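The block underneath contains the structure these notes are about, expressed in structure tokens.
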Amino acid sequence: MNIPDAYSQLDQWNSVMFLYDSALKAINTKIEILNGEFVHIYGHTPIEHIKSRLKTPESIVKKLKGDGHEVTIENMVEKLSDIAGIRIICSFTQDIYKIADMIARQKDVTVLYVKDYIKQPKPNGYKSYHMVVTIPIYLTEGPVETKVEIQIRTVAMDFWASLEHKIYYKFEGNAPDFLEAELKACADMVDMLDAKMFSLNQSILALGQDGRENAQEQKDK
């Protein structure tokens, strides 16, 4: 990001946060359009809902210090990838990869890196698909590539992650062993639930198709 050196620290901060906020709006619009196209083509939506957020100044400072970086605007932009974050919640695990591919194929979206915690969950059982992308924000002086972290997960994964987040901050990352064990057991149950729900949905779709075919056969007689 090219923020003029003459700007005060406050001006620089406001300019950077404006860019991140604009990037969230731009990505949100793209996702809503892609979701609408999916409904138009396939007759159903893969996305349950979308959440977006900007990190607070306190969170940004804490993250930089925790990672051993000096608290500067430059480090904030260069070292952090999750200041602007979007979470996409979908029904089934299989939808996650469809959505990620739809986003990655956008010409003005550049995928910097991916962390697939679905195929390789964290030790505590955390599952989610993370993409860090850049999107150009078009200002009067030209485009500014701005980073956004996109997390895609199922409803069940999101429910688990919300609980894990509460436990992590409640115990500042040092939760009792029995809670960690219970959390991991819940993650295994979430995995089973996602698989079962997908299988059930496939059965419903198959029965619906059979019903339509039988109705057509009766009509043709």
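Source: prediction; values computed, not measured.
- Under a cut-off of 6.0 angstrom, the local environment of NZ in Lys65 is sparse, with at most 12 non-hydrogen atoms contributed by other residues, nucleotides or ligands.
- One hydrophobic cluster, built from ILVMFWY side chains closer than 4.5 Å, cannot hold both Ile31 and Ile33; they sit in different ones.
- At least one cation-pi condition fails for Lys55 and Tyr20: the charged atom is not both under 6.0 angstrom from the six-membered ring centre and inside a 45 degree cone around its axis.
- Going from atom CG of Asp21 over to atom CG of Asn14 covers 11.5 Å, rounded to the nearest 0.5 Å.
- In this structure, Ala187 and Gly125 approach most closely via the heavy-atom pair CB-O, 3.5 Å.
- Side-chain atoms of Lys147 come within 3.5 Å of backbone atoms of Leu80 as a donor-acceptor pair (strictly under, hydrogens ignored).
- Within the 4.5 Å cutoff, the side chain of Asn124 has no heavy atoms near those of the Tyr168 side chain.
- Taking 4.5 Å as the limit, every side-chain heavy atom of Thr154 sits out of range of all side-chain heavy atoms of Met197.
- Crowding of His40 atom NE2: a count of heavy atoms from other residues, nucleotides or ligands under 6.0 Å not exceeding 12.
- Side-chain atoms of Leu139 and Leu19, non-hydrogen and from C-beta on, do get closer than 4.5 Å to each other.
- Under the 4.5 Å side-chain heavy-atom criterion for Ile, Leu, Val, Met, Phe, Trp and Tyr, Phe18 and Tyr138 are members of distinct hydrophobic clusters.
- Listed for the Thr146 side chain is a donor-acceptor partner under 3.5 Å among the backbone atoms of Val144.
- Side chain of Thr29 to backbone of Lys25: a donor-acceptor contact under 3.5 angstrom is found.
- Counting only distance, with no hydrogens or angles, the side chain of Lys127 and the backbone of Arg153 share no donor-acceptor pair below 3.5 Å.
- Between the side chain of Trp160 and the backbone N or O of Leu183 there is at least one donor-acceptor pair closer than 3.5 Å.
- We find that Asp82 and Lys63 are joined by a salt bridge, their nearest charged nitrogen and carboxylate oxygen being less than 4.0 Å apart.
- The two atoms that bring Asp194 and Ser91 nearest to each other are OD1-O, 4.4 Å, heavy atoms only.
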Worked verdict on Lys51 versus Gln151 for side chain to side chain contact (heavy atoms under 4.5 Å, CB included)
CA-CA 10 Å; Lys51 303 176 184 177; Gln151 298 181 7; over 6 Å; no

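- Here CG of Leu179 is found 10.0 Å from SG of Cys186. Values are rounded to the nearest 0.5 Å.
- With a 6.0 Å radius and a threshold of 12 heavy atoms from other residues, nucleotides or ligands, Phe171 has its CZ atom above the threshold.
- Under a 4.0 Å N-O distance rule, the pair Asp67/Lys79 does not qualify as a salt bridge.
- Closest of all the heavy-atom pairs between Lys30 and Asp108 is NZ-OD1, 2.9 Å.
- Atom CG in Leu193 sits 10.5 Å away from atom NZ in Lys196 (nearest 0.5 Å).
- The shortest side-chain heavy-atom distance between Glu48 and Asp158 does not fall under the 4.5 Å cut-off.
- Judged as a side-chain contact (heavy atoms from CB on, under 4.5 Å), and not counting sequence neighbours, the contacts of Phe178 are Pro176.
- Judged as a side-chain contact (heavy atoms from CB on, under 4.5 Å), and not counting sequence neighbours, the contacts of Thr45 are Asn35, Val39, Ile47.
- Residues satisfying the side-chain contact (heavy atoms from CB on, under 4.5 Å) criterion with Met131, sequence neighbours excluded, are Ala100, Ile103, Ala104, Val111, Val114, Tyr129, Val133, Ile150, Ile152.
- Summarising the geometry, atom CD1 belonging to Ile96 is positioned 11.5 Å from atom NZ belonging to Lys98; distances are rounded to the nearest 0.5 Å.
- The shortest distance between side-chain heavy atoms of Ile135 and Gln106 does not fall below 4.5 Å.
- The hydrophobic cluster containing Met17 also contains Val148, counting ILVMFWY residues as joined when their side-chain heavy atoms lie under 4.5 angstrom apart, directly or transitively.
- Connection of Val71 to Val16 is established within a shared hydrophobic cluster, with ILVMFWY side chains joined at heavy-atom distances below 4.5 Å, either directly or through further cluster members.
- Two residues are said to be in side-chain contact when any heavy atoms from C-beta on lie closer than 4.5 Å; Tyr97 and Asp116 meet this criterion.
- Under the 4.5 Å side-chain heavy-atom criterion for Ile, Leu, Val, Met, Phe, Trp and Tyr, Ile86 and Tyr117 are members of the same hydrophobic cluster.
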Pair Leu34-Glu37, side chain to side chain contact (heavy atoms under 4.5 Å, CB included): steps then yes or no:
CA-CA 5 Å; Leu34 289 170; Glu37 181 191 19; 4.0 Å; yes

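- The local environment of CZ in Phe38 is crowded, with over 12 non-hydrogen atoms from other residues, nucleotides or ligands closer than 6.0 Å.
- Expressed to the nearest 0.5 Å, how far CG of Asp95 lies from CZ of Phe198 amounts to 8.0 Å.
- Residues Ile99 and Cys90 form a side-chain contact, since some pair of their non-hydrogen atoms from C-beta on lies under 4.5 Å apart.
- How far CG of Leu24 is from OG of Ser52: 5.0 Å, rounded to the nearest 0.5 Å.
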